[in-house]
Amino acid sequence: MLFNSTQFILFFPIAVLLYFLFPKKVRNYWLLICSYFYYMCWNPKYILLLMASTLVTYLSGILMEHVKNSGKSDAVILRQKNWIVAASFILNIGMLFYFKYINFAIDTWERIFAKLGITMNVPAVDVVLPVGISFYIFQALSYTMDVYRDEIYAEKNPFRYALFVSFFPQLVAGPIERSKNLLKQLATPGEFNYDNVRSGLLTMLWGYFLKLVIADRCAILVDTVYNNVSGYFGYQLVLASVLFALQIYCDFMSYSTIAIGAARVLGYDLMENFHLPYFATSIKDFWRRWHISLSTWLRDYLYIPLGGNRKGQLRKYFNIMVTFFVSGLWHGAAFTYIFWGVLHGIYQIIEDLLKSHTDKLLEVLSINPKNKVLYVCKIIVTFIFVDIAWVFFRANSISDAFTVFKNSFYLANLVNIKVDLWALGLDIRNMAMLMLGTLILFISSVMRARGDKQNKTLLVEWISSKNFIIRYALYWSCMIMIIFSMDITGQEFIYFQF
């Protein structure tokens, strides 16, 4: 069931209405039923995987709580907790590996042995990738680690914990919630609050705008070009690559935004997953802003446990590379994703090595680090490097990615730019709609960035300060643009495949 489907448009109001009509003591049970129904609309049998991950991590928390209160020595308690955590990780990562990576692993080993002159004929495993498996397994494992670290209590109520793992707004594409945030909120069923409902619905409206008006239009042009990279040259490839950066941002942020809005309607607050990532002034800053729930998960449960930056520079760089390798692999069982992750790791290392030199250069040139021109230049340079990495992420193969770079320097088709532009899948009306939507996104992003500096949310305050007519003119304009985008809908959210 997609957020942009008729099913969801019918499902969500019914789920919300009955949620608030039911007595408080049964609301969580109703949400759990809704969440399982939501997931089963994709493929009913794969609910067993979700339930298995839930059961394993729930029992791991209960067992660690029991061990903690057993009265044994600290050394024995630690050893037993280590075994419990190890079992939880092995079982969950084992499920993830089988359903997401088994055929990739078989194919990789066959290629390695082929290079050695050894032929392997291992049949591919007939398995379908369960939607959202990477998200809910990481969310469940974060609970295991939080209990292990005594950062949260072991949840005794199995239904409440099951709801934490399967909460339908963010189940299949995030944000990857933490038990310290969502699980604690679920202990108190949400209350009807007009302001929350209004704010949540407006947030969902913005999410739909990002998806239907911008992301899905970008997808048409990007797919046209990237599915035949050898047939396009020059500005066509550059435009497609830039628009993919816009597509994946709007597509993924739209899901997170709709999820946050839907949860707010029900009375719950989900974590922010994006914070103006294309306004980042460095790659490190980009990862503080992009897919925040995943980047902080990898930081807290992988990078820091590996030693972080506490064991010398070489170990720090090794930990960075391992973290970004895992980030790439998490996104998909393909070398394009791994290359993308490793490239970001290399970016961070080079950036760290050059930082002291660039700081000295600015000092020698008497350039204020807060200079506005320098700030804009940093944003542009960072975006260029991020977009170069996105080429590998989107390309159908590593060789296709290098074809994009090679053919991007071919400028002959600039003479026929008007003719060629309309051959990329978007007609004049849809291209104009995409440009208008992008302009609205840019203005709202600039206002938000300015608001951050003043500790205000300027866009929301600006809209709220206007009278009834102007406010609703803005809301209806947004809705009309969404309605005019219905003819090109049907695109799945990109991160459903992860």
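Sequential numbering from 1 along the given sequence is applied to the chain's residues. Everything numeric here is computed off the predicted structure, so don't read it as measured data.
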Please determine whether salt bridge (Lys or Arg N to Asp or Glu O under 4.0 Å) holds for the pair R394 and D223, giving the CA-CA distance in whole Å, both sets of side-chain angles, and the decisive distance to 0.1 Å. CA-CA 9 Å; R394 175 57 185 85; D223 290 348; 2.9 Å; yes

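In summary, the side chains of N196 and R264 do not present any donor paired with an acceptor at a separation below 3.5 Å, with no hydrogens or angles considered. A donor and an acceptor atom, one from each side chain of W287 and H344, are located under 3.5 Å apart. Using modelled atom types, one finds a donor on one side chain and an acceptor on the other under 3.5 Å when comparing Y301 with D146. Side chain to side chain, S293 and N273 meet the donor-acceptor criterion of an N or O pair below 3.5 Å. Of the N and O atoms on the side chains of D352 and Y317, at least one donor lies less than 3.5 Å from an acceptor on the other residue. Using modelled atom types, one finds a donor on one side chain and an acceptor on the other under 3.5 Å when comparing N181 with E177. Side-chain N/O atoms of K100 and S134 include a donor and acceptor closer than 3.5 Å. Between the side chains of H275 and R448, at least one donor-acceptor pair of N or O atoms lies under 3.5 Å. A donor-acceptor pair shorter than 3.5 Å can be found between the side chains of Y161 and T57.
Cation-pi geometry between K211 and W206 is not satisfied (NZ or CZ under 6.0 Å from the ring centre, within 45° of the ring normal).
The existence of a salt bridge linking D300 and R178 is confirmed by a sub-4.0 Å separation between a basic side-chain nitrogen and an acidic carboxylate oxygen. In summary, K81 and D150 engage in a salt bridge, as defined by a charged side-chain N under 4.0 Å from a carboxylate O. Classification of E151 and K180 as a salt-bridged pair holds, one side-chain N sitting under 4.0 Å from a carboxylate O.
Residues W297 and F138 bring their aromatic ring centres within 6.0 Å.
Of the possible donor and acceptor atoms, none in the side chain of Y208 sits under 3.5 Å from a partner among the backbone N and O of I482.
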